Amino acid sequence: MADLKAISQAVMDGRKKIVEQLVNEALAEGVSASEVLNDGLVAGMTELGELFKNGEVYVPEVLVAARAMKAGTAILKPLLQADNVQSLGTVAIGTVEGDLHDIGKNLVGMMLEGVGFTVMDLGENVSPDSFVNAAKQGANIIGMSALLTTTMPMMATTIKALEDAGVRDKVKVMIGGAPVTQDYADQIGADGYSADAASAAELAKRLIAC
Ligand code: B1M
């Protein structure tokens, strides 16, 4: 019987090889990729985040856990992606300038690919100019992620840069990340906000349709 709690624990402990082994075992037992992702990997990282907040673990432990989590998501990625589907459009996604958190952004990218979008991954610490260039290169949606309250304002700066470059009307802008809210999205003039990767994929489909 697959033990998703053990996957969470292995993420928290930063045990990359164990994470890979347990993820493969769970999949072989028929557990869905999305259950392994949400109830195993993401649950572990969320719990670790609480310990980090309370000063019970520090940056090095979180970095090792992030590496273990990435090893697990790499196994799930092909299973979460759609096969032979015509692209719904291109989403250029990145973590905003000053912000190095990329796990959530990567999950959103995977889910977007899973429902049929082409994803232009701009990486992390992405400058407003890089988002503008992606819009000029034909991206239909600009997706920004921020995990720090100090980097959230960079989302507004990026929207302003899109306006100044005359490309704001050519793209939809969607935003997300732990400190981001619908109110904030409304305040800065983003077209949409979503709280998690699965709803981000649904949001992108709605945005591309209008
Ligand atoms: Co950082 N960190 N971190 N960190 N880190 C947080 C964010 C923090 C909340 C921890 C805490 O104190 N509780 C805190 C921010 C506090 C604040 O701003 N209020 C914090 C801090 C303070 C810092 C540093 C400043 C610590 C330091 O150096 N003293 C530093 C900053 C570095 C920088 O960015 N300049 C730092 C560094 C790091 C590591 C490098 C060690 C590592 C990142 C590794 C990596 O990403 N490669 C790290 C991590 C891992 C975390 C926590 C523990 C986990 C983040 C994560 O991956 N969550 C985090 C605590 C927490 O969030 N609970 C914390 C799992 C991920 C699946 O969730 O990213 O929220 P999330 O993504 C979700 C949704 O938000 C949404 O969908 C995703 C999937 O469901 N979503 C979108 C995300 N982007 C979206 C975009 C969309 C739509 C939805 O549309 C485009």
Side-chain angles (χ1 to χ4, degrees), residues 7-8 11-12 14 16 34 36-74 76-77 80 89-115 117 119-126 131 134 139-155 158-159 171-182 184-185 188 190-208:
I7 296 179
S8 301
V11 167
M12 293 173 70
K16 180 170 170 275
S34 57
V36 174
L37 177 64
N38 293 319
D39 300 339
L41 299 171
V42 173
M45 186 52 87
T46 305
E47 202 174 330
L48 188 76
E50 282 305 303
L51 299 178
F52 187 35
K53 184 167 80 183
N54 299 333
E56 293 173 52
V57 298
Y58 300 96
V59 170
E61 286 99 318
V62 181
L63 270 177
V64 182
R67 204 159 49 213
M69 167 133 187
K70 282 186 183 181
T73 52
L76 300 179
K77 186 171 179 182
L80 294 167
T90 298
V91 184
I93 186 167
T95 311
V96 296
E97 189 166 287
D99 201 319
L100 303 175
H101 296 84
D102 68 351
I103 296 173
K105 180 267 295 170
N106 293 342
L107 288 181
V108 171
M110 276 168 50
M111 291 294 177
L112 289 168
E113 285 180 342
V115 298
F117 283 96
V119 172
M120 205 189 272
D121 187 347
L122 304 178
E124 62 274 2
N125 192 20
V126 179
F131 282 111
N140 309 101
I141 298 178
I142 297 294
M144 288 186 269
S145 179
L147 265 289
L148 299 171
T149 45
T150 48
T151 57
M152 270 170 67
M154 199 45 79
M155 293 175 155
T158 302
I159 290 177
V171 291
K172 300 287 182 185
V173 175
M174 58 186 275
I175 63 173
V180 180
T181 61
Q182 181 64 56
Y184 185 68
I188 66 170
D191 299 300
Y193 154 79
S194 73
D196 57 54
S199 50
E202 292 309 311
L203 170 65
K205 284 203 274 186
R206 286 200 303 279
L207 290 177
I208 205 89

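If you're wondering where the values come from, they're calculated on a predicted model, not measured in any experiment. Both counts, for ligands and for their atoms, begin at 1 and track the order of listing.
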J.: Which protein non-hydrogen atom lies closest to atom 44 (C) of ligand 1, naming both residue and atom, and how far is it?
T.: Ala66 CB, 3.9 Å

J.: Going by a strict under-4.0 Å cutoff (protein heavy atoms only), does atom 20 (C) of ligand 1 have a neighbour on the protein?
T.: yes

J.: Tell me, which protein residue and heavy-atom name are nearest atom 60 (C) of ligand 1, and how many Å apart are they?
T.: Gly49 CA, 3.8 Å

J.: Regarding atom 43 (C) of ligand 1: of the candidates Glu97, Glu61, His101, which has the closest heavy atom?
T.: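 Among Glu97, Glu61, His101, the closest heavy atom to atom 43 (C) of ligand 1 comes from His101.
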
J.: Check ligand 1 against Asp196 and write out every atom of the ligand that is under 4.0 Å from a heavy-atom position of the residue.
T.: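 Taking each heavy atom of Asp196 in turn, ligand 1 has 76 (C), 77 (O), 80 (O) under 4.0 Å.
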
J.: Among the heavy atoms of Glu50, does any lie under 4.0 Å from an atom of ligand 1?
T.: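 Glu50 does not count as a contact of ligand 1 under the 4.0 Å cut-off.
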
J.: Going by heavy-atom distance to atom 80 (O) of ligand 1, choose the closest among Ala197, Pro179, Ala65.
T.: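 Result: the heavy atom closest to atom 80 (O) of ligand 1 is in Ala197.
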
J.: Taking atom 52 (C) of ligand 1 as the reference point, report whether a protein heavy atom occurs under 4.0 Å from it.
T.: no

J.: Identify, by atom number and element, the atoms of ligand 1 in contact range of Asp99, meaning under 4.0 Å from any of its heavy atoms.
T.: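 Counting atoms of ligand 1 from 1, those under 4.0 Å from Asp99 are 34 (O).
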
J.: Which is closest to atom 26 (C) of ligand 1 in terms of heavy atoms, Tyr58, Phe52, Tyr193?
T.: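 The option holding the nearest heavy atom is Phe52.
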
J.: Can you find a protein heavy atom under 4.0 Å from atom 24 (C) of ligand 1?
T.: no

J.: Any atoms of ligand 1 less than 4.0 Å from a non-hydrogen atom of Leu107? List them with their elements.
T.: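 What qualifies from ligand 1 is 67 (C).
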
J.: Does the protein put any heavy atom within less than 4.0 Å of atom 9 (C) of ligand 1?
T.: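 So far as the 4.0 Å threshold goes, atom 9 (C) of ligand 1 is out of reach of every protein heavy atom.
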
J.: Considering non-hydrogen atoms only, spot the tightest contact between Pro179 and Thr149 and give its length.
T.: CB-CG2, 4.1 Å

J.: Is the shortest distance from a heavy atom of Ala195 to ligand 1 less than 4.0 Å?
T.: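 Heavy atoms of Ala195 do come under 4.0 Å of ligand 1.
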
J.: Run the numbers on Lys105 and Asp102 for side-chain contact (heavy atoms from CB on, under 4.5 Å), then give the verdict.
T.: CA-CA 5 Å; Lys105 180 267 295 170; Asp102 68 351; 4.0 Å; yes

J.: Specify the protein heavy atom at minimum distance from atom 17 (C) of ligand 1: its residue, its atom name, and the distance to 0.1 Å.
T.: Thr149 OG1, 3.7 Å

